[in-house]
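Quick caveat: nothing in here was measured; it's all calculated off a predicted structure.
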Amino acid sequence: MFSFLCSSRLLLINRRTTQLGFLHQYAFFIVKSFASIKLSDSAQQLQQEQEHCFTVSYLINACGLSPKSALLASRRVAHFENPEKPDSVLNLLKENGFTKTHISKIVRLCPQVLLCDIENTLLPKIEFFRSKRASNSDLHTIVSSNPHLLGRSLNEYIIPSYDLLKSVLLVDEKVLRAFKHSAMVNIANNMLPNVSLLRELGVPHYVISSFLMNNPRTAFSNHTKFVGAVNEVKEMGFDPLKTTFVIAIHVFSIIRQPMLESKLEFYKKWGWSKEVALLAFKKQPICMLLSEEKITKAMNFLVNKMGYPSADIARHPTVIFFSLEKRIIPRCSVIQILKAKGLVKFDLCPASFMLPSDKCFLEKYVIKFQDDVPQLLNIYQGKKNLLKV
């Protein structure tokens, strides 16, 4: 009678050498504890467990997955007892410039790719995107962000989806950008009616094009859900001719009215009435997606420490989107010094110096006044304490 008992969760795998040389001399990882196996099933069960052990070991050592991720991934891929096919897949990815980080992400999200046929499944898809002038960076982002594309039919899904997108976006560069930011689910049944609805409402083509590229997950979302978001946006009085109309659709595809009401109440803590908060929402809908922590930090600094009226922030809500450490504090520090020396107006609106690009800010507020305040650049770069100036 044959029985197999593994009381420990640690399994030692002897050294194996693959074409890529990724397996180390030893690999420790966690495996499921085994109970005694009946004689009739023992041989088959033992072989399956050995294949499972090798699969997990390969996922860890050749693909860079953590032990936990490897165990989870191993449940979604047929177990293999030798590295020949997965090695060939990894070689193909490396030959096309995919890094270890890319490969790890691809395998973690879609471990089935390791057993795909190179010539008939993987290579044709890579060649298709190359034919559309996809750069290495484009290809890496498309595949690593949505590796399940590699398992979809090229002729029945990828090419039709690409053609449908191009009928709206017109140029390959924009289509590739949409592919990089979306799971590309059910384009025919969702994207086309969603786009048609926007056109019926008079949304300009350039706004629709931008929407597809920047918010494809919303643009390709379930049509019924999309219609609901559009109706809420219309009820709030957004103008279909403006970009904020589709941005608001994106917001309402993420949150619902109760959550919006909760965020409006939160802004009241900073002196915004519901009417003022709604006006801010109409100017920049994304302000309703900011976390309460981020809002608090930005408003506390701008209102409490810098003394800017809360109403000024409401008129230009984009200023609270920026990084406190990388943009808000450095720029406010420069402006505070310039105000103290009488070099700029005291009532300067925060949006006037917070919204311009880094280059414009440097030219207008730092380089221009360097003769008057030599330390200004160091203060802007955080190299000098404001109190010592």
For [X], which residues count as a side chain to side chain donor-acceptor pair (under 3.5 Å) partner, sequence neighbours excluded?
X      : answer
Ser310 : Trp272
Glu119 : none
His223 : Asn194
Ser135 : Asp138

If I take atom [atom1] from residue [X] and atom [atom2] from residue [Y], how far apart are they, to the nearest 0.5 angstrom?
X      : Y      : atom1 : atom2 : result
Ile249 : Ile254 : CD1   : CD1   : 12.5 Å
Ile247 : Lys283 : CD1   : NZ    : 14.5 Å
Glu265 : Leu260 : CD    : CG    : 10.5 Å
Leu115 : Lys85  : CG    : NZ    : 6.5 Å
Lys105 : Leu65  : NZ    : CG    : 13.0 Å
Lys94  : Ile103 : NZ    : CD1   : 6.5 Å

Check [X] against [Y] and note the closest heavy-atom contact, atom names and distance.
X      : Y      : value
Pro330 : Leu324 : CD-O, 3.9 Å
Ser209 : Leu169 : OG-CD2, 3.4 Å
Lys294 : Ile320 : CE-O, 3.5 Å
Ala351 : Pro356 : O-CD, 3.9 Å

Counting N and O atoms only, with roles assigned by atom type, does the side chain of [X] sit under 3.5 Å from a partner on the main chain of [Y], one being a donor and the other an acceptor?
X      : Y      : result
Arg76  : Leu109 : yes
Asn61  : Ser57  : yes
Ser333 : Ile329 : yes
Asn214 : Ser210 : yes
Ser196 : Leu192 : yes
Lys125 : Leu150 : yes
Ser221 : Thr218 : yes
Lys132 : Val175 : no

Should Arg133 and Leu176 be marked as a side chain to side chain contact (heavy atoms under 4.5 Å, CB included) after you check the CA-CA gap, both sets of side-chain angles, and the distance that decides it? CA-CA 9 Å; Arg133 299 182 180 179; Leu176 291 172; 5.5 Å; no
Please check if the number of heavy atoms outside Met236 that lie under 6.0 Å from its CE is greater than 12. yes
Do NZ/NE/NH1/NH2 and the carboxylate oxygens of [X] and [Y] come within less than 4.0 Å?
X      : Y      : value
Arg130 : Glu127 : no
Lys166 : Asp163 : no
Arg177 : Glu173 : no

For [X], all residues meeting side chain to side chain contact (heavy atoms under 4.5 Å, CB included), sequence neighbours excluded:
X      : answer
Glu95  : Asn91, Leu92
Pro204 : Tyr206, Val207, Leu241
Glu261 : Gln257, Leu264, Lys274
Ser66  : Lys68, Ser69

Between [X] and [Y], is there a shared hydrophobic cluster once you connect ILVMFWY residues whose side-chain heavy atoms come closer than 4.5 Å?
X      : Y      : value
Leu362 : Leu355 : yes
Phe54  : Leu72  : no
Leu279 : Leu289 : no
Ile118 : Leu90  : yes

Going by the ring-ring contact (aromatic ring centres under 6.0 Å, His included) test, which pairs reach into residues 117-149, not counting sequence neighbours? Phe98-His140, His102-His140, Phe128-Tyr162, Phe129-Phe179
Got a sec, which pairs hit ring-ring contact (aromatic ring centres under 6.0 Å, His included) with one end in residues 306-354, sequence neighbours left out? none
Applied to residues 342-370, the side-chain hydrogen bond (donor to acceptor under 3.5 Å, both in side chains) test, sequence neighbours excluded, yields Arg331-Asp358
Only counting residues at least two apart or in another chain, list the ones meeting ring pair (Phe, Tyr, Trp, His ring centres under 6.0 Å) with Phe238. Phe281
Does the salt bridge (charged side-chain N to carboxylate O under 4.0 Å, His left out) test come out yes or no for Lys263 and Glu292, once each step is laid out? CA-CA 8 Å; Lys263 193 59 66 74; Glu292 293 185 0; 5.9 Å; no
Worked check of side chain to side chain contact (heavy atoms under 4.5 Å, CB included) between Asn96 and Asn136: CA-CA 7 Å; Asn96 281 276; Asn136 277 345; 5.9 Å; no
Positive for side-chain contact (heavy atoms from CB on, under 4.5 Å) with Phe226, one of Leu197, Asn190, Asn231: Leu197
Can you find a side-chain donor-acceptor pair between Asn82 and Tyr58 that sits under 3.5 Å? no
